[in-house]
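The analysis underlying the following values was restricted to heavy atoms, covering all of them including side chains, and did not include hydrogens, waters or symmetry mates.
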Amino acid sequence: MKLFEKIEKSLGETGILPVLEDCGAVLCALSGGADSVVLLHFLHWYLPERGIRLAAAHLHHGIRGAAADADEAFCRRLCTELQIPFYSRRLDIPAMAKEAGLGLEECARKERYAFLEEVRSGLPGALIATAHNATDHLETVLFHLARGCGASGLCGIAPLRDGSVIRPLLCCTAKEVRDFAKEEKISYVTDETNSDTVYTRNFIREKLVPAMRQINPQCETAALRMSDLLREDLAYLEDAAAGLLSPDGSLFAPSAAAAPGALLSRCILNMYRQYAGYEKTLGAVHLAHCMALIHGGRPGRISLPGHAALFFQGERIWVGPEPACTPTAISDEVPISVGDAVLFGPFLVKVSKERAEIVSPDQNIYNLAIYGTLDFDKINNSLYIRARRTGDVYFTGGMHKKIKKLFGAMKIPSHLRDSYPLLCDEEGILWVPGLRPRDGCAGAPAADSSVYIGVCYAGEK
């Protein structure tokens, strides 16, 4: 049982032990795979003599048919044998992911944690235990690195999250867990999709991690050490940033302008999360524009996702609700003028003479926003927004192109195509967000006749 002794020792080293000693129960996330089964056996060995109750929860994702049914049955039998309370639920993740416009992995993770939290709420004083191991941590770091993450992304998987989720197996590699299961004759199930490299994480697991081991056989341990050091640095920066905020959650403008970028960006993010919710975040583009406004020293406003805005007035900076947002029905032809902000279905559309009023472009309209510059003198009569119509065409690149084909090329999800805002004038479609304005209508930045228009995905109603 050397692996169990290693895990037990790591509880104190990772900060899990004090939280564990103070809890009344532990809910083990049980998939049936080697990691979660070994974790369940460890908790069954460790918790009872400490008077801590143990339960397990399994989510059937509705993806693998009979194989997933067999996994659920295996988990149920195992918990019956160990006399552990068992909770399960079945969901249709493919359908839910399609409806929400999410990838399968992202949707499955979201629903899995929601289910675990629901079960945990019915167990007084309970923690959730997940079976992430050191190899999972390395895969997560590589995944975030490939996407261009900041320091927080390189922190990977934390041993303790939000004071309610623990990861006792982070001290063990995937190989150590499987070798232990083999030695102790512990049965588990195998998900055949784990080797399908179509999925990003599987590609990292099958291709990148073995390459990392050729460079450093102890790469999992090295990644854990790096993340631990980064977490300490980030905790210091977060404390320093919190010290810059006033009791009401705002910033004193002179102090903000003098603050290092590492602190100012965290202050902005903290203010945004206090307003929009702590699960929310901001991308680099939004943070850069907020910081530019503050360093510019001129009062103004920057629009942010979720109908929020950062305000700079007098010597005070704060985040609050975006003003003058008028909800409309997408069946309407909605007039819009310079200075307006209009909610068109799940999209926020803004027109302004001030570039700072419009969020800068981002490659993916779902994450942040897209903007364009129009020559107001070339607009034929008044502006309005509408949704697509059968037979719609757009004059761009010297050709009339069908909107239907353009949406396909732009990869606009089908469930959003009927609410995608098209800016029109009397001549027809003037601008499709994400493309250049209609031929002859593009404006030059800072020209007197130019107006700026921005569209951001504000969320489904």
[X] versus [Y], closest heavy-atom pair with distance:
{"X": "Tyr272", "Y": "Ala308", "value": "CE1-CB, 3.9 Å"}
{"X": "Ile166", "Y": "Leu20", "value": "CD1-CD1, 3.9 Å"}
{"X": "Arg436", "Y": "Ala442", "value": "NH2-CB, 3.9 Å"}
{"X": "Glu105", "Y": "Thr200", "value": "OE1-N, 3.9 Å"}
{"X": "Met271", "Y": "Gly249", "value": "CG-O, 3.2 Å"}
{"X": "Asn216", "Y": "Ala222", "value": "ND2-CB, 3.8 Å"}

Backbone N/O of [Y] and side chain of [X]: donor-acceptor pair under 3.5 Å:
{"X": "Arg213", "Y": "Val209", "result": "no"}
{"X": "Thr135", "Y": "Ala174", "result": "yes"}
{"X": "Arg90", "Y": "Gly62", "result": "no"}
{"X": "Lys6", "Y": "Cys172", "result": "no"}
{"X": "Ser227", "Y": "Leu224", "result": "no"}
{"X": "Arg386", "Y": "Glu333", "result": "no"}

Phe252 atom CZ, neighbour heavy-atom count above 12 within 6.0 Å: yes
Parallel, tilted or perpendicular, as decided by the 30° and 60° cut-offs, for the rings of Trp318 and Phe311: parallel
Mutual orientation of the aromatic rings belonging to His58 and His60 [parallel < 30°, tilted 30-60°, perpendicular > 60°]: perpendicular
Just how far is it from atom [atom1] of [X] to atom [atom2] of [Y], taken to the nearest 0.5 Å?
{"X": "Ser121", "Y": "Leu116", "atom1": "OG", "atom2": "CG", "answer": "11.0 Å"}
{"X": "Ile16", "Y": "Cys23", "atom1": "CD1", "atom2": "SG", "answer": "11.5 Å"}
{"X": "Ile302", "Y": "Leu293", "atom1": "CD1", "atom2": "CG", "answer": "5.0 Å"}
{"X": "Glu238", "Y": "Leu263", "atom1": "CD", "atom2": "CG", "answer": "9.5 Å"}
{"X": "Arg112", "Y": "Cys107", "atom1": "CZ", "atom2": "SG", "answer": "10.0 Å"}
{"X": "Cys290", "Y": "Leu264", "atom1": "SG", "atom2": "CG", "answer": "9.0 Å"}

Distance-only polar pair, side chains of [X] and [Y], donor-acceptor under 3.5 Å:
{"X": "Asp248", "Y": "Ser250", "value": "yes"}
{"X": "Ser450", "Y": "Thr373", "value": "no"}
{"X": "Asn270", "Y": "Arg273", "value": "no"}

Are [X] and [Y] ion-paired here, with the side-chain N under 4.0 Å from a carboxylate O?
{"X": "Asp392", "Y": "Lys404", "result": "no"}
{"X": "Asp228", "Y": "Arg225", "result": "no"}
{"X": "Glu106", "Y": "Arg109", "result": "no"}

Is [Y] close to [X] at the side-chain level, that is, under 4.5 Å between some pair of heavy atoms?
{"X": "His144", "Y": "Leu154", "value": "no"}
{"X": "Val119", "Y": "Arg89", "value": "no"}
{"X": "Cys267", "Y": "Leu245", "value": "yes"}
{"X": "Tyr420", "Y": "Val432", "value": "yes"}
{"X": "Thr173", "Y": "Asn133", "value": "no"}
{"X": "Val342", "Y": "Pro421", "value": "no"}
{"X": "Leu374", "Y": "Arg438", "value": "no"}
{"X": "Arg53", "Y": "Pro124", "value": "yes"}

Given Ile128, Leu43, Leu123, the one that forms side chain to side chain contact (heavy atoms under 4.5 Å, CB included) with Val26: Leu43
Evaluation steps, side-chain contact (heavy atoms from CB on, under 4.5 Å), between Ile336 and Leu423: CA-CA 9 Å; Ile336 187 168; Leu423 183 70; 4.0 Å; yes
Axial cation check for Phe143 ring with Arg201, 6.0 Å and 45° limits: yes
Over-ring placement of Arg50 relative to Tyr46, 6.0 Å and 45° cut-offs: yes
Verdict with reasoning, His289 to Leu310, per side-chain contact (heavy atoms from CB on, under 4.5 Å): CA-CA 10 Å; His289 271 258; Leu310 179 132; over 6 Å; no
side-chain contact (heavy atoms from CB on, under 4.5 Å) between Asp375 and Cys441, worked out: CA-CA 5 Å; Asp375 186 341; Cys441 295; 5.7 Å; no
Residue from Thr14, Asp136, Thr130 passing side chain to side chain donor-acceptor pair (under 3.5 Å) with Arg167: Thr130
Evaluation steps, side-chain contact (heavy atoms from CB on, under 4.5 Å), between Leu39 and Asp35: CA-CA 6 Å; Leu39 174 61; Asp35 301 311; over 6 Å; no
